[in-house]
Amino acid sequence: MSDLKRGLSEAAFAAFEALGLPGELGRVTASDRPDLADFQVNGALPAAKRAGRPPREIAGQVAERLAPDPRLAAVEIAGPGFINLRVSDAALSARAQAIAADPRAGAERLARPRRVIVDYAGPNVAKEMHVGHLRSSIIGEALKRLYRFRGDEVWGDAHFGDWGFQMGLLIGALADEDPAIARAVEELNAGRAPNDIDSLEAPAFQAVTLEQVDRLYPEAAARAKSDEAYRDRARRITAELQAKRPGYYLLWRHLARVTRAALERDFHALGVDFDLWKGESDVDPLIPAMVGELEEKGLLVEDQGARIVRVAREDDKRELPPLIVVSSEGSAMYGTTDLATILDRARSVRPDLVIYCVDQRQADHFEIVFRAAELAGYARPGQLVHVGFGTMNGTDGKPFKTRAGGVLKLVDLIGMTRDRARERLHEAGLGEDLPEAEFDDIAGKVAVAAVKFADLANFRGTSYVFDIDRFTAFEGKTGPYLLYQAVRVKSLLRKAAEEQAEAGPVMVADPAERDLVLSLDAFETALAEAYERYAPNAIAEHAWRLAQAFSKFYAACPILQAEPAVRASRLTLAQATLSQLELALSLLGIVVPERM
RNA sequence: GCGCCCGUAGCUCAACUGGAUAGAGCACCUGCCUUCUAAGCUGGUGGUUGCAGGUUCGAGUCCUGCCGGGCGCGCCA
């Protein structure tokens, strides 16, 4: 059963067509004026222009055809030609009943599923994740879950940055700092490259820690900006690493392992998971053949010592730089591995759509890579999509930094939020008689809900201010509010079960019940919008509205004390709300505890 | 310099792709716990949507020009 909005749209579509007007004009939307109507149709206004007739006249004719519909209690014309629809209580009751009985809580399935890859543009394997990495993980995860839920076949790929200049830079810095490492690298490099390099171990590298990496990388990156010789050496090392010189390669492998473990820990804490734990290095073997192919196709040209693909077009408004495939040092670049990854995926997964969930600032980069991929025949137009998001700034409007001037690590953010959650749980007297382990689990879920919802409630495209107080806020439009509402329903349903109160047929009567059912009905619309615009904030917004509608219903309508038939109806509404709310939150990557 | 994005309540953000009276949260006033979890609910204050034009029945949304901010522009990712 489709939602009320779509059902009514179909009726309005038919009404417009019967009048010889385009059916699309019959699009039904939620009313802007809830005091006047539940839904509205605005199509009479644009229709008037085409038909050369007054809008109210057309609206009147459409309304006449809609009026007999048993789902509608009232059809009225308002203002210049709006058609206001008020749904009957019986139709709302039936819809609530259907949602309650539906394991998908009223959400539909795609008619034509696609094969989709969500590329999280994973963090660099050179430094720990900080809050700046938050968005791609959270948004990417939400998109992955949404797409999968609607019926697409989806692969989430971490796509770690583990094969570029930053690795050469870090290797150089480590050798500079620790003579033992420098020696080990030299000795290994001096020996002949063994055929089975993967089985080699280099004990000297075992002592390298994440803390060391974390400390050295920013220094090295800064120095490379001003010191040309230093930069050139790092680029040389990068090229040699990619050529698998044993010393560099084995040190790289150790770094990859160490940082990978930290990344897994961070992603796990956030409830983010990947189907493919791939990195740039994984497509390295494809590069030589790819370069040859680009050459054969006449796309590759020599320029300033590098080998590039020109992607600029005549009608470009700006001068788009070329894709640098092979640097003048002979190494693969960011764009090289991206292109090779597109080729790899085209051969393995054969996706209909690849969503790159990456910072908006990289828009030009992706435009260049996508054009190159199309020129090479690795992708069709529209198959690759860059879903950009804004940057996260501090309260001062500049890129976020801690008070000490450093970046805030993701683990620390989660930890801080969890501590705040513990405090607030105590203050509110929630979960006091629960075992320690469950209490901790709840605090963790509250923290993740707070962090994720604070991010996902914003439209991805705009930058927003990272405010630690906002991420640890538990009142108002926050993740914890939503958990609280869901848990309240669970508690209610538990109590009902104890009293052996059963759910039964829905009979909508109270205004709060009407509003709740209309909120439930809007689920599919929210999912469709989030899907089409790659915008999880539509789901977050829906979850918030639903929770709020329930809270009002909860305050206005006693449930367990009501007479049996009313009680049964309200229990069904509560169940439907819980299943849809929990589902919506799960799509955002937020887990609801049993109690709190 | 060229290009992209943004400017909405004191603060942080929405606004179903051009529709009615621009909505939430926080903050600030107001009332509600002998009824199912008060992290809640109720009512209220708060706006010339940066400025000036234009397009049309109708503009926060589209166009033009200013003002202000962010970002990107070849071997970092």
Side-chain angles (χ1 to χ4, degrees), chain A residues 27 29-33 35-36 40 42 45-46 48-49 55 78-82 84 121 123-124 126 161 164-166 169 221 224-225 231 234-235 280 303-306 308 316-324 326-329 331 333-335 337-338 358-365 368 388 390-391 393 395 397-399 424-425 427-430 446 454 457-459 461-465 467 469-470 473-478 480-481 483-485 487-488 491-493 495-496 499 522 525-526 528-529 533 537-538 541 544-545 548 551-552 554-556 558-561 574 595-596:
Chain A
R27 198 166 73 104
T29 57
S31 179
D32 289 331
R33 296 288 303 274
D35 53 320
L36 300 180
Q40 61 185 347
N42 297 341
L45 295 158
K49 194 176 286 178
F82 299 109
N84 282 334
N124 288 341
F165 176 72
Q166 82 275 18
L169 198 55
K225 273 186 185 158
R231 184 172 61 228
R235 291 182 52 208
E280 295 170 339
D303 194 79
Q304 297 170 37
I308 63 170
D316 280 341
K317 282 185 189 167
R318 63 199 189 288
E319 227 175 292
L320 213 54
L323 181 76
I324 298 178
V326 185
S327 81
S328 49
E329 290 292 340
S331 62
M333 308 288 294
Y334 177 34
T337 49
D338 274 348
V358 191
D359 193 320
Q360 189 64 49
R361 287 178 294 189
Q362 297 190 38
D364 281 357
H365 166 75
I368 293 165
T391 53
N393 301 325
T395 37
K398 293 172 189 162
R424 287 292 287 120
L425 284 164
E427 279 171 31
L430 291 170
V446 169
N458 298 326
F459 178 68
T462 48
S463 296
Y464 73 97
V465 172
D467 180 354
D469 292 334
R470 195 160 129 247
F474 303 128
E475 289 88 26
K477 196 172 182 177
T478 64
Y481 169 94
L483 294 190
Y484 178 75
Q485 295 302 344
V487 165
R488 256 194 337 183
S491 170
L492 172 75
L493 295 176
K495 206 151 272 185
E499 295 176 16
T525 301
E529 190 196 340
R533 297 175 63 197
N537 67 308
E541 186 67 26
W544 158 252
R545 285 192 189 156
Q548 222 182 17
S551 196
K552 288 176 185 187
Y554 185 84
I559 298 166
L560 296 177
Q561 292 86 344
R595 24 181 201 180
M596 62 189 265

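Naming convention: chains lettered A, B, ... in sequence-line order (proteins, then strands); numbering from 1 in each chain. The analysis underlying the following values was restricted to heavy atoms, covering all of them including side chains, and did not include hydrogens, waters or symmetry mates.
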Assign each of A:G161 and A:P80 to its nearest nucleotide of RNA chain B by heavy atoms, then name whichever residue's nucleotide is nearer the 5' end. A:P80

What is the distance from CD of A:E475 to C1' of B:C26, rounded to the nearest Å? 10 Å

Heavy atoms under 4.0 Å, any strand shown: does A:D338 hit a base, just sugar-phosphate, or nothing? nothing

Would you say A:Y334 and A:Q362 are linked by a side-chain donor-acceptor pair, where the criterion is simply a distance under 3.5 Å? yes

Between CD of A:E427 and CG of A:L430, what distance do you get to the nearest 0.5 Å? 10.5 Å

Can you tell me how far the OG atom of A:S331 sits from the CZ atom of A:R235, to the nearest 0.5 Å? 6.5 Å

Name the nucleic acid region contacted by A:P46, choosing base, sugar-phosphate or nothing; use a 4.0 angstrom heavy-atom cut-off, strictly under. base

With heavy atoms under 4.0 Å as the rule, sort A:A556 into base, sugar-phosphate or nothing. nothing

Partner of B:A59 by Watson-Crick or G-U wobble geometry, both contacts under 3.5 Å, or none? none

Just how far, in rounded Å, is P of B:A38 from CG of A:L425? 15 Å

Regarding A:N84, tell me which of base, sugar-phosphate or nothing describes its non-hydrogen contacts under 4.0 Å with the strands shown. base

Without decimals, in angstroms, what is the distance between A:D359 CG and B:C71 P? 11 Å

To the nearest angstrom, how far is A:R424 atom CZ from B:A39 atom C1'? 6 Å

Looking for any heavy atom pair under 4.0 Å, which part of the strands does A:V326 touch: base, sugar-phosphate only, or nothing? nothing

Determine the contact category for A:F459: base if any of its heavy atoms lies under 4.0 Å from a base atom, sugar-phosphate if only primed atoms, P, OP1 or OP2 are that close, otherwise nothing. sugar-phosphate

Using atom C1' in both nucleotides, what's the gap between B:A22 and B:C13 to the nearest angstrom? 14 Å

Interatomic distance, CG@A:N537 vs CG@A:N458, rounded to 0.5 Å, equals 7.5 Å

For A:L320, answer base if it contacts any base atom (sugar-phosphate contacts may also be present), sugar-phosphate if it contacts only those atoms, and nothing otherwise; contact means non-hydrogen atoms under 4.0 Å. nothing

Could you tell me how far B:G19 sits from B:U61 if I compare only their P atoms? Round to whole Å. 11 Å

A:Q485 side chain to A:S551 side chain, donor-acceptor N/O pair below 3.5 angstrom: yes

Pairing nucleotide - B:A20, Watson-Crick or G-U, each distance under 3.5 Å: none

Counting Watson-Crick and G-U wobble pairs only, both distances under 3.5 Å, name the nucleotide matched with B:C26, or none. B:G10

Closest approach to the side chain of A:L36, judged atom by atom: which nucleotide of B:A39, B:C16, B:A20 is it? B:A20

Looking for any heavy atom pair under 4.0 Å, which part of the strands does A:A306 touch: base, sugar-phosphate only, or nothing? base

So, does the side chain of A:N537 form a donor-acceptor pair with the base of B:C13 at under 3.5 Å? no

Separation of B:G40 P from A:E427 CD (nearest whole Å): 13 Å

Interatomic distance, A:N458 CG vs B:C13 C1' [rounded to whole Å]: 6 Å

Return whichever of A:I324 or A:R318 has its heavy-atom-nearest nucleotide of RNA chain B closer to the 5' end. A:R318

Applying a 4.0 Å non-hydrogen cut-off, can you work out what A:R545 is touching in the nucleic acid: base, sugar-phosphate, or nothing? nothing

Base, sugar-phosphate, or nothing for A:Q40, non-hydrogen atoms under 4.0 angstrom? base

Under 4.0 Å, heavy atoms only, any strand: does A:S491 hit a base, just the sugar-phosphate, or nothing? base

In whole angstrom, give me the gap between the P atoms of B:C6 and B:C63. 11 Å

Which is true for A:G79 with a 4.0 Å heavy-atom rule: it touches a base, it touches only sugar-phosphate, or it touches nothing? nothing

Between P of B:G23 and CG of A:D35, the distance in whole Å: 11 Å

Please evaluate the base of B:G3 for a donor-acceptor partner in the side chain of A:D316 within a cut-off of under 3.5 Å? no

In whole angstroms, how far is the C1' atom of B:C75 from the CG atom of A:L169? 15 Å

Looking only at atom C1', what distance separates B:C36 and B:G31, rounded to whole Å? 22 Å

Answer for the Watson-Crick or wobble partner of B:C66, both distances under 3.5 Å, is B:G50

Ring stacking, A:F82 with base of B:A20, under 5.5 Å and under 30°? yes

Does B:U37 have OP1 or OP2 sitting under 4.0 Å from an N or O in the side chain of A:K495? yes

Using Watson-Crick or G-U wobble geometry with both distances under 3.5 Å, which nucleotide pairs with B:C71? B:G3

Whole-angstrom distance between B:G25 and B:U45, as gauged at atom C1': 16 Å

Taking the same atom, P, in B:C16 and in B:U35, what whole-Å distance lies between them? 42 Å

What's the separation between atom CG in A:D364 and atom CZ in A:R318, rounded to the nearest 0.5 Å? 4.5 Å

Is A:E541 paired with A:R545 through a side-chain N to carboxylate O contact shorter than 4.0 Å? yes

Check whether any side-chain nitrogen or oxygen of A:Y481 sits under 4.0 Å from OP1 or OP2 of B:C41, and answer yes or no. yes

Among B:G72, B:A14, B:C75, the one nearest any side-chain atom of A:S328 is B:C75

Which glycosidic conformation, syn or anti, is assigned to B:C33 if syn requires a torsion within 90° of zero? syn

With rounding to the nearest 0.5 angstrom, report the CZ to CD distance, A:R424 to A:E475. 4.0 Å

